[in-house]
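Written out below as structure tokens is the structure these notes cover.
Here is the naming used below: chain letters follow the sequence lines, and residue numbers restart at 1 for every chain.
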There are 2 protein chains.
Amino acid sequence: MTKGKQAYHHGDLRTALLDAVGEIIRDSGVGAVSLREAARRAGVSHSAPAHHFGDKNGLLTAYATRGFEIFREQMQTALDSAPDPRAAFQAIGRAYVSFALERNEYFEIMFREELHHSEDPELDDAGRRAFAVLLEAVRQVAEAGLVGDKNPMHVAMSAWATVHGMATLWLTGAPSKFTDEDLGTLLEGVFEVSQTELVEAEGGAA
Amino acid sequence: MTKGKQAYHHGDLRTALLDAVGEIIRDSGVGAVSLREAARRAGVSHSAPAHHFGDKNGLLTAYATRGFEIFREQMQTALDSAPDPRAAFQAIGRAYVSFALERNEYFEIMFREELHHSEDPELDDAGRRAFAVLLEAVRQVAEAGLVGDKNPMHVAMSAWATVHGMATLWLTGAPSKFTDEDLGTLLEGVFEVSQTELVEAEGGAA
DNA sequence: ACTATATCTTGACATCGTCAACATCATGTG
DNA sequence: CACATGATGTTGACGATGTCAAGATATAGT
């Protein structure tokens, strides 16, 4: 591995293959993902990927894991840079949907169970770490007395469902069949409505 | 076609193939769906399906269309049997999630764009007819003054996103990683929270 | 220097989607 | 009734894919 490109060993084939998956999805959609095409793009033989990932689901499991890590980073940044719990709650929601729309080459794989190895510990951990950020945001609004007498876990799940639903629906393009409104504007409108879940008062009686 | 089973012509192969798709998904998941397996289950040759559906996406497009029709029926029933707009709104939400969970052999195909023929008029119509029921429910709660000063279309999209998100998240089993609560109970809790979007007053000033 | 191991290649196999050519049935028209 | 036409289904083939076994090559530890 002095530096040559035609070395027998690739150097970091694992990373190259994961990158290739993203490329393929952006170029031709999830349906076009194949071990052989990823191998082709990485410049290796057709069955090299199996040595790193076992099988196709192994590759996609690793890819989804990487997606959840990026996902977590973006939500964490949103949480950290918000001035108060209410703003953080909203920022996380926007980060969730933004990630889904802008990095859908990850998002589309992350929530497709049949493409993953079942009970993969790394994937599960990455997923849990990502949603821990969302749960932390809900914990903070609850502590600030902004959820009234609602069950915080229920608030968290409701918020999660709403942003997840927005993400998946927007990705399919379905909403555009029912309104001429710009999808970005529509998104903001839906955010406003869905935040009715938060109590208006500030010095709330927890 | 006197009655024989070994007749050269099947009789209703189209329906048999659509049924077969559902069987395959229930038995082995969406990944196991193939034209050849559907043909096998219908007892015809491997390329018979192409004459009815053109290609694999054609079969799945027809299958998704049938799914949206059943979906619409169930939401319409929920809407019709509710005593008032608020109850109708809630009933539709429950019907949406129930359909996704109980008939997920349809749901998983219906919202997977890459499996459909693009801009298929029958599929689009079936989808629009289904969501028209949800929109009608929102129209009724708006007319009853239950949405405050919110934009009814935004309320509709928010409700849609929430139930759609619940459906897809519950199907992945993700929520069970964050709570021990029974998923049915959790579902009801989330419904309660998300219905905060509706105004409490009854003789609302529309 | 030597060996064990990780990494990658080669070749093969069954399955899949798709296509072209052909076979069989149904229908209606003279 | 004869028969032509179109719909329906079959057969055989092709390239692409996921997976596996066997072999080749590089790396690392001793």
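When rounded to the nearest whole Å, the span between CD1 of B:I24 and C1' of C:dG17 equals 14 Å. For B:L59 and C:dC16, the CG to P distance is 14 Å, given to the nearest whole Å. The nearest whole Å value for the distance from the CG atom in B:L13 to the P atom in C:dA26 is 15 Å. In this structure, the NE2 atom of A:H51 is 15 Å from the P atom of D:dT25, given to the nearest Å. For the pair B:K56 NZ and C:dC19 P, the interatomic distance rounds to 15 Å; values are reported in whole Å. Distance, A:F53 CZ to D:dG18 C1': 16 Å, rounded to whole Å. Rounded to a whole Å, the NE2 atom of B:H52 is 13 Å from the C1' atom of D:dT10. Whole-Å rounding puts the B:H117 NE2 to C:dG17 P distance at 13 Å.
For B:F107 and B:H164, the gap between ring centers is short of 6.0 Å. Residues B:F68 and B:Y106 place their aromatic rings such that the two centres sit no closer than 6.0 Å.
Applying the 3.5 Å distance criterion, the base of C:dT10 shares a donor-acceptor pair with the side chain of A:S47.
At the heavy-atom level, B:H46 lies under 4.0 Å from base atoms of the strands shown.
Within residues 31-43 of chain B, the residues approached by DNA chain C to less than 4.0 Å at the level of any non-hydrogen atom are B:S34, B:L35, B:R36, B:R40, in residue-number order.
For the residue pair A:E197/A:S158, the side-chain donor-acceptor check at 3.5 Å is satisfied. A side-chain donor from one of A:H154 and B:E181 sits under 3.5 Å from a side-chain acceptor of the other.
With distances taken from any side-chain atom of A:S45 to the nucleotides C:dC8, D:dT11, C:dT9, the minimum falls on C:dT9.
Panel note: side chain A:K150, backbone A:A142; no donor-acceptor pair is recorded below 3.5 Å. B:K56 places a side-chain N or O within donor-acceptor distance of the main-chain N or O of B:V33, the cut-off being under 3.5 Å.
Tested against B:D19, the residues B:R66, B:R41, B:R14 include a single side chain to side chain donor-acceptor pair (under 3.5 Å) partner, B:R66.
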